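In this text the structure is predicted, and so the values were computed from the model without any measurement. Lettering of chains follows the sequences in order, A, B, ..., and the numbering in each one begins at 1.
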Amino acid sequence: MKKKTTLFVVASVSLAVIAFAGFQSMDKNPSVQDSGQVIIEMDATFPNFSTDVVAKKASLIVKGKPVKVVKTFSEGENNPITEFSFKIDEVYKGSKSNEEYISVFQDGAPNNDYDTHPIMELNTEYVLFLEEPLEAQYTMVGGPSGKFEFDATKKSFVSFTNREVPQAQLKSLSVAEE
Amino acid sequence: MKIRVKLISLVTCMAVLLVPIYAYAHTVTETGSEADGWIIGTHAPTKEPKFWWTPGTPDKWKNRLNGGNSYMYSETSNNLRVVNSTALETNNYIENIGKPFATWVARVVTMKTTGQHKESWHMQFNTKYDDDYTDTQWKRIAQHELGHVFGLKDLYEDYNSSLLMYGYAGSYSGLKTKDLTGLKKIWGF
């Protein structure tokens, strides 16, 4: 009887150890080393402001193109920002002039941007709703809520937040200043 | 005496078998898609990951996170929540910040992963938008960020705009069926 009890105990403990080892190996990706892989992932939530709201919040509304990446840097820890030189083609609100260049700052960097607010592409036309958190340095109101790219099939400027500004209505944006 | 020994062995065996089930998520093979209404990324290694507040975090932000945490816990049938701890016990932290150029409302930054697990992450709320959302909206935003901690990625197709994991804030109203489906793929509850 003593032998049976001993066998039972040993078998139970062995089974537990084998099962535990099995669970441990189950949730590890065999293609990654156990010492850990350093990765930075960024999952950001941006505002979904309506066009009316961004128009009211903006001190400057322009159409134009980013022509150059001036620099990328981190605003604090792990907060990549890209500074663009942006050439204005048309002004709908604010006191800038056509052909003028301004500095526009966007969250993210060319190789490290947010899926919900991808970095502007150089020499692509955008309508931007901008605010000026620091003198002469502009950011898009509500991130992607303030960045519109031309969609030829819709004949509208469309944001990543699925808002539209038809091309024919761009001039009416200047009414927002009143 | 013999019966006692057998009982103790059985209980020990069962305890050791069950601990991994409750602590660890299994390896997830599905990734999902916008069409599915859920996309899976890296996730915390346990159902109750720990975090600490950076010193000086105002109660307002703690209450918002706690509200979102309560929503997450109850809507996952009391399975998933973060647990307040100290910097000695975990590298994960939560804070509010205000920076001139950041335009995101909130975010989760994962600093280190091992396989599918987030080993070190931090969550941030942007004070720039303090007045743009009500407390209730902020709690739901916090719940959305917890969705990232527990393994769900952002969605950005318009047809997913009613889901908690839609990547643009303002209209969240909790976990929907598709959000839950994604979480269950990871956590099996």
More than 12 heavy atoms of other groups within 6.0 Å of B:Asn78 CG: yes
Option that, when pairs with chain B are counted at under 4.5 Å, heavy atom only, ranks first among A:Val53, A:Asn48, A:Asp107: A:Asp107
Which heavy atom of A:Thr51 sits nearest to which heavy atom of A:Arg163, and what is that distance? OG1-CB, 4.0 Å
Only one of B:Thr113, B:Thr114, B:Asn91, B:Thr90 passes side chain to side chain contact (heavy atoms under 4.5 Å, CB included) with B:Ser120, and that residue is B:Asn91
Pull out the residues in residues 50-57 of chain B that come under 4.5 Å of chain A, heavy atom to heavy atom, sorted by number. none
What pairs of donor and acceptor atoms, side-chain ones from residues 76-83 of chain A against any protein atom, are under 3.5 angstrom apart with sequence neighbours left out?
{"from": "A:Asn79", "atom 1": "OD1", "to": "B:Trp104", "atom 2": "NE1", "distance (Å)": "3.2"}
{"from": "A:Asn79", "atom 1": "ND2", "to": "A:Glu75", "atom 2": "O", "distance (Å)": "3.3"}
{"from": "A:Asn79", "atom 1": "ND2", "to": "A:Glu75", "atom 2": "OE1", "distance (Å)": "3.4"}
{"from": "A:Thr82", "atom 1": "OG1", "to": "A:Gly108", "atom 2": "O", "distance (Å)": "2.7"}
{"from": "A:Glu83", "atom 1": "OE1", "to": "A:Lys71", "atom 2": "NZ", "distance (Å)": "2.9"}
{"from": "A:Glu83", "atom 1": "OE2", "to": "A:Ser103", "atom 2": "OG", "distance (Å)": "3.1"}

Report the C-alpha separation of A:Phe148 and A:Lys63 in whole Å, then their side-chain angles, then the decisive distance to 0.1 Å, and conclude whether the side-chain contact (heavy atoms from CB on, under 4.5 Å) test is met. CA-CA 9 Å; A:Phe148 291 74; A:Lys63 183 171 70 173; over 6 Å; no
What part of A:Phe160 gets closer than 4.5 Å to chain B, counting heavy atoms only: side chain, backbone, both or neither? both
Over 60° means perpendicular and under 30° means parallel, so tell me whether B:Trp61 and B:Phe125 are parallel, tilted or perpendicular. parallel
A:Thr139 versus chain B, the contacting section by heavy-atom distance below 4.5 Å: side chain
B:Asn96 side chain vs B:Thr127 backbone, donor-acceptor pair below 3.5 Å: no
Pairs of heavy atoms under 4.5 Å with chain A: top-ranked of B:Lys153, B:Lys128, B:Glu157: B:Lys153
So, using salt bridge (charged side-chain N to carboxylate O under 4.0 Å, His left out) as the criterion, who are the partners of A:Glu164 when residues are at least two apart? A:Lys154
Sorted by number, residues from residues 129-145 of chain B in contact with chain A (heavy atoms, under 4.5 Å): B:Tyr129, B:Asp132, B:Tyr133, B:His144, B:Glu145
Look at the aromatic rings of B:His122 and B:Tyr93 and report parallel, tilted or perpendicular, splitting at 30° and 60°. parallel
Report yes if the distance between the aromatic ring centroids of A:Tyr114 and A:Phe46 is under 6.0 Å, otherwise no. yes
Take atom NZ of B:Lys62 as the centre, draw a 6.0 Å sphere, and report whether it contains more than 12 heavy atoms from other residues, nucleotides or ligands. yes
Exactly one candidate in B:Glu119, B:Lys118, B:His43 meets side-chain hydrogen bond (donor to acceptor under 3.5 Å, both in side chains) with B:Thr110; the answer is B:Lys118
Heavy-atom distance under 4.5 Å to chain A: side chain of B:Tyr172, backbone, both or neither? side chain
Between A:Gln106 and chain B, which part of the residue has a heavy atom less than 4.5 Å away: side chain, backbone, both or neither? neither
